[in-house]
Amino acid sequence: MVVTARNFVGSYYDPDRLPTIEYPEKRQKLPENSRSFPMLIFDGEDPEAGLRCVACKICEKECPPQCIYIVAERDSRGRAVRHPKIFDLDISVCMACQICVEVCPFDSIKMDTAFEMAGRDRFGAMLLHKSELAKSDAYFHSIHPSEAVGSDARVEHIKKPAGRSQAAPAEATRKAA
Amino acid sequence: MAPLHQYLLLSALLFGIGLAGVLTRRNGLITLMGIELMLNAANLNFIAFWRHSPNPEAIEGVLLTMFAIGVAAAEVAVGLALVIAIYRRYRSVNLDEVDQLKG
Amino acid sequence: MNALDQLFVSLKQWLVGLFPTSLQLGVSVFVSAAAIVGVYAGLFAITTWLERKGLARLQNRMGPNRVGPFGLLQPMADGIKALIKEDIIPQRADRLVHTLAPIVAVVPAILALAVIPVGQNMVAVDLAAGMVFFFAMGGVKEIGVFMAGWGSRNTYSLLGSMRGIAQMISYEMPLVLSALVVVMAVGSLSLVDIVNAQAGYHAGILARWNVFTPWGLGGFLLFMVAATAESNRTPFDLPEGESEIIAGHMLEYSGFKYALFFLGEYMGLFAVSGLAITLFLGGWHAPFSFLAWIPSWMWFFGKLVCFIALFIWLRGTLPRLRADQLMEFAYKFMVPMVLVNLVAVALWHFTAGWTFLGGGLLRWVLCAALLFLPFLGLARLVSKRPHRIQRVYRFAE
Amino acid sequence: MSKVTPFPGQAESGGGADQAPGGMQYEVSRRPGVTDEDEVLEVAVGPHHPSTHGVFRMDVKLDGERIVSLKPVLGYLHRNHEKLGEQTSYLGMMPYTDRLDYFCSLTNNWAYAIAVEKLAGLQVPERAEYIRIITGELTRLFNHACLVGFLLHDMGTMGTPLMYAFREREKVLDLFESLTGARMMCNYQRFGGCRNDLPDGWLDEVSKLVAEFPRWLDEMEQLLTGNEILIARTEGVGVLSPELAVSAGVTGPSLRASGVNYDLRKVDRYGIYDRFQFRVPLGEKGDVFDRYMVRVLEMRESVGILQQAIRDLPGGPVIDPRARQRNFMPPVGEAYGRIEAPKGELGFYLISDGSRRPSRFRVRAPSFVNLTILEDLCLGHTLADAVAILGAVDIVLGEVDR
Amino acid sequence: MGFVFPLIATLTVLGAVGAMSFRKSIHAALSLVVALLGIAVTYLGLGAEFIALVQVLVYVGAVAILVVFVMQLTRSEGGQGEGMAVRPAALGVGTAGLVCGGLISCVVLLPDFRTPWPEKADVGLARLGEALTGDYVVALEGIGLLLTVAIIGAVLIALKRPNKEETPE
């Protein structure tokens with residue numbers, strides 16, 4: 001009985017005894033590593049052109065619940081261009097396990113921290129398209145600073161200064177983190 | 001307050017209903033309730049006549065009713081215990097089936 | 001300060017005065033009834049808020065703070081929710097018994113409140129046998145519990161109602177007998193006389209309450225335990241043991257009937273705490289003479305809120321007793337202790353003449369000893385702790 | 001055989017053997033002298049019940065308040081975990097192990113990682129081993145704390161000890177979120193080590209928490225162990241004899257509460273547990289009170305282990321650089337990796353045919369095995385005890401139904 | 001306030017008839033409770049306030065619950081619906097009618113029941129108490145003894161003896 005009394009009285013002055021955070025008004029500061037749903041990274045200003053993703057479909061194959069759907073772009077003569085025409089991610093299926101981030105050799109998909117993804121429609125709103133997934137590299141730096149530094153080093157290593165070369169990018173040298 | 005004979009009419013009616021229940025119903029519990037009703041009818045008579053008695057200090061009627069209620073409660077307790085024992089032995093409460101004298 | 005003290009009494013007289021004399025009796029009855037239902041329903045709303053906030057604070061939570069400032073409109077929100085919720089009657093349930101049960105559970109609890117003196121000559125009905133009326137109403141409440149349990153034809157509610165009735169019956173006896181102690185000391189069954197007997201102050205300071213006498217203290221504690229059991233509060237909240245039989249006899253009720261059951265439970269709680277205050281804590285008397293200027297009804301409702309806080313504190317802390325332990329505790333501990341208490345008050349009565357120097361103290365100690373020794377013996381019989389719990393825990397490397 | 005009536009009070013369906021869902025028929029053990037027509041009340045403590053720790057049904061036959069027969073019915077949360085294992089790559093299965101015992105995801109990851117490391121013969125660097133022990137023991141701490149909370153909630157306290165336990169659990173979950181990214185679904189271990197290194201400042205957060213924990217434990221013991229009603233409700237209830245425990249394969253704190261000295265951390269010495277000094281508390285009678293006390297004492301031991309681990313945590317790599325994660329193809333063979341999870345012995349049995357996917361993925365869940373003896377514990381007790389016993393057996397349905 | 005008595009009287013009679021004629025015995029028990037409450041209110045009408053309270057306390061509080069409890073124990077609340085067995089019903093109701101008719105006739109015919117109510121002092125509880133413990137103390141102790149004996153007897157009769165004589169299967 002004494003213990004509950006101590007907690008009752010304590011809840012008025014001791015912050016440890018009243019850890020409640022009133023969510024919408026006050027928000028808990030998320031730690032740096034925290035993850036919610038994936039996002040695609042693009043360099044520079046234009047989300048369409050600067051998209052890092054090369055539609056290699058490794059993440060589509062490796063994703064345990066199979067929630068990623070990629071269709072590569074075709075140029076006039078029907079040859080695949082290293083750019084996804086469609087990149088859909090169904091966040092009602094995705095379990096935020098970060099496997100896609102680990103297996104992606106081009107550091108083009110990272111974990112976002114925005115978790116308020118509620119939508120009114122169970123199917124349409126939950127299927128995020130390429131345009132909604134794309135986030136700028138600067139934003140990536142702002143939410144995961146230490147991880148961003150590491151990934152920048154790798155990205156510089158992949159992209160030769162003059163456009164992307166056709167040589168197999170650092171497949172041999174890179175291991176998934 | 002209604003005249004005395006109406007109270008007596010009420011208790012007579014209750015007594016009649018109780019007696020009818022006891023005689024007709026086969027369920028042991030309903031018979032007990034019938035006896036309960038008859039006892040209450042009698043108590044009602046006592047109180048009616050106590051109130052009607054000319055002697056202002058007389059309280060014998062009230063005392064008798066209290067003892068009657070006490071006895072009735074004891075009687076119900078034992079009656080229900082008997083019903084339970086019968087149920088456990090015969091698996092039913094109908095008094096018609098309780099016809100063997102063997103233990 | 002008499003004006004403030006008699007505020008409500010004069011208010012009522014003024015109200016009754018407005019009507020022609022032929023109607024006055026009916027109007028005064030109506031005003032008293034409206035006052036009781038209004039005050040206690042308001043107290044019911046405050047108690048639900050207090051309970052939610054208190055339990056939350058006990059558990060390091062905030063408790064309701066969204067509906068109105070500090071969540072004060074939460075009872076209102078609960079009431080509206082109860083009204084809006086669909087009222088489902090199980091298809092196989094016995095309609096009549098099912099719908100009548102909440103009424104039979106609530107009405108006696110409210111009637112019992114009519115007898116309790118709330119302030120100086122502020123009692124709705126001054127019956128010569130007020131105490132017997134109170135316990136008669138307590139008896140009728142059990143029928144409501146049974147009707148609810150049996151009416152909804154559901155195994156859980158059947159179990160719940162059987163447990164509820166068994167608990168209420170076996171704790172009614174200690175409740176009545178521990179209240180009887182005060183009747184023996186005061187010599188009248190009317191609650192107003194009991195409160196008047198506790199007027200006056202020892203040596204001008206301490207109030208002459210029954211709780212300061214040995215049999216009063218013992219009676220008070222026993223009464224409180226039996227009251228917690230009678231009003232189904234933790235640690236005796238077996239009939240609606242959430243974790244075992246979900247909501248016991250109240251299982252098949254939704255919407256307003258469910259709220260009615262809770263109204264009944266809380267009214268029962270107020271009634272029993274009100275009686276405890278009247279019998280042992282001097283009703284509307286102030287504890288100390290220098291505090292007597294505060295109006296009388298404030299003392300009564302202040303003590304009532306303290307009792308509610310105590311019940312909430314109990315509810316937040318103690319686990320629940322099992323059904324057979326409950327019965328064993330009632331018959332092996334409560335009933336013998338209450339009988340001993342009767343003997344103690346008799347001893348107190350016959351030693352009233354000891355006015356020599358150490359007399360009062362010796363008398364107090366004698367009665368206290370007469371109560372305490374059986375307590376130790378019975379506690380050992382019922383409790384499990386002292387001799388059987390030395391568990392040795394080996395530690396392997 | 002007794003008649004089966006799914007809904008109480010419904011007309012008695014015709015005679016029929018006791019049908020378990022899978023059509024399995026088994027003899028229902030029953031107290032002598034109670035025939036069926038007696039007042040046997042059938043209650044389905046159904047899947048939707050506040051104290052069954054998830055979707056789990058107990059068909060209980062009551063004689064008055066005493067339990068005559070109790071038949072657990074499982075399968076409500078079956079998600080086809082093991083078949084899924086045969087279709088997903090080794091790395092892809094790691095996030096699914098979080099969903100087994102969703103209360104202690106990091107120990108599940110650890111057990112799966114050990115099984116795969118045994119299969120492929122990978123070496124785990126020192127620092128990764130220490131991090132694994134720290135996260136494992138933290139999980140054990142808040143699992144036992146929350147168990148005590150749930151047990152008391154089943155016995156009637158309006159959730160007060162549960163809220164205190166959750167307050168401590170929140171601190172640990174915040175630590176996991178800063179380390180692994182998610183509070184409950186961590187997916188942090190990899191084959192040959194851990195996914196990322198400790199963020200800075202994480203370690204002294206842990207040491208601050210470990211320093212405060214004993215104070216919280218003393219407060220809980222003061223609230224509970226001396227509590228008269230708790231003792232009355234748990235003493236002598238659901239006694240598990242050591243012989244029955246061993247023969248039924250019960251593991252974990254319930255086994256140790258019956259006095260059997262079997263703790264995988266001491267038996268297998270997996271990871272680097274042999275470097276730590278800690279003791280294994282053993283109970284005396286094996287009733288619900290002993291299970292409660294053994295868990296409280298185990299919490300104190302875990303605090304000791306954590307202090308030692310924090311003190312001598314080495315530097316170095318967190319993952320074996322040579323380990324491949326993506327197209328991980330272990331050699332043909334089989335392996336069984338097991339650890340002392342907070343609920344008992346959690347084991348993963350893998351058969352590899354050299355391809356990217358295991359050909360057999362089997363999980364030995366402690367809750368499922370501990371559940372088999374529920375009826376033997378509950379016979380003769382009342383319904384309220386059955387709820388308390390179920391609380392003390394500490395099951396999580398994600399693990400039981402897989 | 002003259003209308004009170006006829007209303008209460010009809011309520012009581014209806015309750016009593018219900019108690020005797022409902023097929024489901026639980027309904028019978030509940031209507032018995034109505035009848036008992038009706039009788040308690042008639043006591044109040046007659047000025048015997050203490051008796052009314054005792055009646056509610058003893059009958060409605062304890063006896064009715066006991067009856068209902070036993071109905072549960074003996075599983076007879078379902079009510080096999082035997083209702084009024086036809087043949088003996090005529091006999092039973094006939095004799096009851098005769099007895100009741102005799103009572104009513106003597107009530108209606110005898111003139112001295114019509115005299116007005118005399119003034120009655122309110123029966124003070126204290127006087128009741130003194131009478132009980134004064135010259136009726138023997139009866140008080142007798143009723144106490146009777147109740148204890150009845151309780152012990154009831155418990156022994158209803159005790160569930162599991163082993164001694166097994167019920168013949």
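Protein chains get the first letters and strands the later ones, always in sequence-line order, with residue 1 at the start of each.
- To the nearest 0.5 angstrom, C:Ile89 atom CD1 is 5.0 Å from C:His98 atom NE2.
- When the side-chain hydrogen bond (donor to acceptor under 3.5 Å, both in side chains) test is applied to C:Arg233, the partners found at least two apart in sequence or on another chain are C:Glu51.
- Looking at D:Asp287, its side chain does come within 3.5 Å of a backbone N or O of D:Gly236 through a donor-acceptor pair.
- For D:Glu301, the side-chain contact (heavy atoms from CB on, under 4.5 Å) criterion is met by C:Phe395, D:Phe278, D:Arg279, D:Pro281, not counting sequence neighbours.
- Interface remark: D:Val237 contributes side-chain atoms only to the contact with chain C (heavy atom separation under 4.5 Å).
- Atom OH of C:Tyr331 sits in a crowded spot, with more than 12 heavy atoms from other residues, nucleotides or ligands closer than 6.0 Å.
- D:Leu224 does not touch chain C: none of its heavy atoms, backbone or side chain, sits under 4.5 Å away.
- At a 4.5 Å heavy-atom cutoff, D:Asp263 makes no contact with chain C through either its backbone or its side chain.
- Using a 4.5 Å cut-off between heavy atoms, D:Thr160 touches chain C through backbone and side chain atoms alike.
- At a 4.5 Å heavy-atom cutoff, D:Leu162 makes no contact with chain C through either its backbone or its side chain.
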